[in-house]
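Below is one structure, written out as structure tokens; comments come after it.
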Amino acid sequence: MASLAPLLRVFCVAITCLLITRMVSAECAVGSGKYGADCLACPACANAGTCFDGPDGNGTCACPPTTTGDLCEVCAPRYNPNTNCTTECAVGSGLFGTECRACPVCANFGKCNDGADGNGTCACSPTTTGTLCENCLPNYDPNTKCTSVLDACAKPTSDTTAEDSAFAKYCQLKAHGECITDFNLVPTQSKCGCASGFELDTETDECEDVDECKVKPSPCVDVLFSTCTNLVGTYNCTCTKGYAATTVDAMFIVKTCVKTAPPAKPASSSAHMLNQGHGFNWMG
């Protein structure tokens, strides 16, 4: 038995080595994330790259064709890093150029020239200027992103002076007065005017009623069978006797006059007349 001891020791060492080898092989199998005889941990491959692992692996990253770099960390030209390099930098993505760089923020409804073939510049609306469309053209209101013309008669804003506001208030407090913005001036300016149906008397600086019926031709010229009647701030077309208004517009001004039917005659009583006749003959 003593002669078998060395053999048993050799056999046990071999079995132990075999078991250890199998355990190491299982730990470093393909898909384990470890590679080589030393079972080293794979690097972190980016953008869907895969590590060449397993006992025969060398730990390098196998990269998709749309990526580059040792770890697949760089997108190929024209590919979007926000989609792990799987799609190109499309128009509307907010990225531009072959490197898919982020667009600047274009102001006042400006649009970035994005996409793989874009250059990242801002395309501005016709009412704005500046690299980022940040400035309104003269007379355009920044409070509406340069979409509407500045109104000097409007409520005070950062772009209207206290003088403008006071003048507008003065005009609006006048009887039948209103503030009018002159959009032909740069910058726009306000002036006092009168409401429709009134005109400014330059001597009294008051708004006086306009007699539309004195205007030639009369505003009622197209309304047949009518005469013009002046009212405060407006007028109306009064149908002549025997005619009645049948159509008025949104301002309640008569637009059509038609002939009215004559009143019906009261019905006569033939029986009454006959009785009267018999009575007269009988009395005779």
Side-chain angles (χ1 to χ4, degrees), residues 6-137 140-147:
L7 292 174
L8 289 172
R9 283 196 295 271
V10 172
F11 179 75
C12 289
V13 170
I15 291 297
T16 302
C17 290
L18 180 61
L19 291 174
I20 293 173
T21 301
R22 287 183 177 178
M23 290 174 63
V24 171
S25 297
E27 186 181 358
C28 298
V30 174
S32 65
K34 296 182 178 180
Y35 71 94
D38 295 329
C39 213
L40 300 175
C42 277
C45 302
N47 299 316
T50 56
C51 176
F52 182 21
D53 59 4
D56 298 322
N58 58 10
T60 57
C61 291
C63 299
T66 57
T67 63
T68 60
D70 291 341
L71 301 177
C72 319
E73 73 277 15
V74 180
C75 290
R78 304 175 68 92
Y79 281 87
N80 189 348
N82 296 321
T83 61
N84 293 326
C85 312
T86 58
T87 60
E88 289 193 49
C89 295
V91 173
S93 65
L95 303 172
F96 73 94
T98 57
E99 298 177 358
C100 289
R101 287 180 289 172
C103 276
V105 178
C106 304
N108 298 317
F109 300 112
K111 293 184 178 180
C112 177
N113 182 12
D114 59 4
D117 297 319
N119 58 9
T121 58
C122 291
C124 300
S125 70
T127 59
T128 61
T129 61
T131 304
L132 301 177
C133 318
E134 69 274 19
N135 300 317
C136 294
L137 289 181
Y140 282 88
D141 189 353
N143 296 303
T144 62
K145 296 192 174 184
C146 313
T147 59

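When reading the values below, keep in mind they use all heavy atoms of this one structure, side chains included, and skip hydrogens, waters and symmetry mates. All of these numbers come straight from a predicted model, not from anything done at the bench. If you read the sequence from its start, that first residue is 1, and numbering goes on from there.
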When you measure from the side chain of [X] to the backbone of [Y], do you find a donor-acceptor pair of N or O atoms at a distance under 3.5 Å?
X: N119; Y: T121; value: yes
X: E134; Y: L132; value: yes
X: N113; Y: G118; value: no
X: D38; Y: L40; value: no

Looking only at non-hydrogen atoms, find the nearest pair between [X] and [Y] and report the distance.
X: E88; Y: A116; answer: OE1-CB, 4.4 Å
X: T67; Y: C63; answer: OG1-CB, 3.3 Å
X: P126; Y: L137; answer: O-CD1, 3.0 Å
X: C42; Y: Y35; answer: SG-CD2, 4.0 Å
X: P64; Y: A48; answer: CG-O, 4.0 Å
X: P43; Y: C61; answer: CG-SG, 4.2 Å

After noting the C-alpha distance and the side-chain angles of C45 and C72, does the key distance pass the disulfide bond (SG atoms under 2.5 Å apart) rule?
-> CA-CA 6 Å; C45 302; C72 319; 5.3 Å; no

Can you tell me how far [atom2] of [Y] sits from [atom1] of [X], rounded to the nearest 0.5 angstrom?
X: C136; Y: K145; atom1: SG; atom2: NZ; value: 11.0 Å
X: T147; Y: D141; atom1: OG1; atom2: CG; value: 7.5 Å
X: N108; Y: C124; atom1: CG; atom2: SG; value: 8.5 Å
X: C133; Y: K111; atom1: SG; atom2: NZ; value: 11.5 Å

Give a yes or no on this: more than 12 heavy atoms of other residues, nucleotides or ligands lie within 6.0 Å of atom CG of N58.
->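 Yes, the 6.0 Å shell around CG holds more than 12 heavy atoms from other groups.
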
When you take the SG atom of each Cys, C122 and C112, is the space between them under 2.5 Å?
->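 Looking at C112 and C122, their sulfur gamma atoms do not lie closer than 2.5 Å, so the answer is no.
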
Would a 4.5 Å heavy-atom cut-off, applied to side chains only, mark D114 and L95 as touching?
->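 Not in contact.
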
Stepwise side chain to side chain contact (heavy atoms under 4.5 Å, CB included) check, T128 with N135 = CA-CA 5 Å; T128 61; N135 300 317; over 6 Å; no

